[in-house]
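Reviewing the structure listed below.
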Amino acid sequence: VHTVNQRFVRSPINTQPDDHQTHTEVGTESSAKMSEATEPKRLVLTDLEMNAASTAFSMCCNESTLKFMELKAKKIRLNRMGKVRTALEDCALSTYVGLKDNCSETLSEIEQCIVANPTEWRLCTPLREKLNECAIRSKLGELSKS
């Protein structure tokens, strides 16, 4: 007999738990809100959100990305990359949440620029530089360790 656990999940855009969206997880014993869960939190980003934050991810999660890519180059399977994969996911999550908290206006401007210029993303470069400066000032991701 499997027990069912319902917990709140994060929407792709909003990083706060949404009372109207739930995820059913089979095989767990207890019921908990996302903020109370002991497992790592995950955030699903849209292509637009990922693209808008990509330069900040590269800069703020450089060490984690390099370790992950090294294992990928050695053809290590994802299910055997536990700690490295988790470190990269956690860094990306903390970076994105930090961007939304500290640099949301610039992040939104980049998203609008990408939509308005689907074939000429180079026009969004000044906004990306502004976002990178904000990420550095805010010490997001791995930059918080220095």
Side-chain angles (χ1 to χ4, degrees), residues 5-28 31-146:
N5 174 26
Q6 286 192 335
R7 62 185 169 117
F8 297 102
V9 296
R10 295 173 183 237
S11 68
I13 296 175
N14 183 3
T15 58
Q16 299 301 317
D18 184 348
D19 294 338
H20 303 293
Q21 296 182 14
T22 59
H23 168 70
T24 303
E25 186 175 299
V26 178
T28 57
S31 178
K33 287 185 178 178
M34 184 63 125
S35 60
E36 298 169 1
T38 57
E39 63 190 60
K41 295 175 180 72
R42 299 294 181 252
L43 181 67
V44 179
L45 299 175
T46 64
D47 288 344
L48 180 60
E49 291 167 328
M50 183 66 87
N51 188 340
S54 63
T55 57
F57 286 145
S58 297
M59 186 177 52
C60 296
C61 300
N62 188 46
E63 185 178 315
S64 300
T65 301
L66 291 175
K67 287 179 183 176
F68 182 83
M69 296 307 291
E70 181 181 320
L71 293 179
K72 288 289 287 178
K74 292 179 180 178
K75 301 193 186 288
I76 305 295
R77 293 183 182 183
L78 286 175
N79 62 353
R80 305 199 83 212
M81 290 189 206
K83 291 179 183 178
V84 173
R85 191 174 95 197
T86 299
L88 179 56
E89 289 174 350
D90 290 348
C91 182
L93 175 63
S94 70
T95 299
Y96 187 76
V97 169
L99 289 173
K100 291 295 278 184
D101 289 346
N102 301 305
C103 317
S104 62
E105 186 177 313
T106 305
L107 191 59
S108 179
E109 289 173 356
I110 292 172
E111 290 175 1
Q112 292 169 8
C113 181
I114 291 169
V115 169
N117 304 291
T119 60
E120 297 198 41
W121 290 350
R122 65 180 169 73
L123 298 175
C124 306
T125 300
L127 292 171
R128 288 186 186 276
E129 290 171 358
K130 184 177 173 185
L131 184 69
N132 291 345
E133 290 171 9
C134 181
I136 291 168
R137 267 194 320 274
S138 302
K139 294 189 176 218
L140 301 179
E142 295 168 352
L143 301 177
S144 66
K145 297 174 185 174
S146 57

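Model, not experiment: these values are computed from the prediction.
When all heavy atoms of Thr95 and Cys60 are compared, the closest pair comes out as OG1-CB, 3.7 Å. Summarising the geometry of Ile136 relative to Leu143, their closest heavy-atom pair is CA-CD1, 4.0 Å, with the distance given to 0.1 Å. Taking every heavy atom of both residues into account, Met81 and Ile76 meet most closely at CE-O, 3.0 Å. Closest of all the heavy-atom pairs between Ala135 and Leu99 is CB-CD2, 4.1 Å. What you find for Glu109 and Leu127 is that their closest heavy atoms are OE1-CD2, 3.3 Å.
Partners of Cys103 under the disulfide (SG to SG under 2.5 Å) rule, at least two apart in sequence or in another chain, are Cys134. Take Arg128 and apply the side chain to side chain donor-acceptor pair (under 3.5 Å) test, not counting sequence neighbours, and it matches Asn51, Ser54.
Contact annotation: the side chain of Phe68 approaches that of Leu78 to within less than 4.5 Å [non-hydrogen atoms, C-beta and beyond].
Using modelled atom types, one side-chain atom of Thr125 and one backbone atom of Arg122 make a donor-acceptor pair closer than 3.5 Å.
With Cys61, the cysteine Cys91 has an SG gap short of 2.5 Å.
With rounding to the nearest 0.5 Å, the separation of CG in Leu140 from CG in Asn102 is 6.0 Å.
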request  = Would you check, one step at a time, whether the test side chain to side chain contact (heavy atoms under 4.5 Å, CB included) holds for Phe57 with Thr65?
outcome  = CA-CA 9 Å; Phe57 286 145; Thr65 301; over 6 Å; no

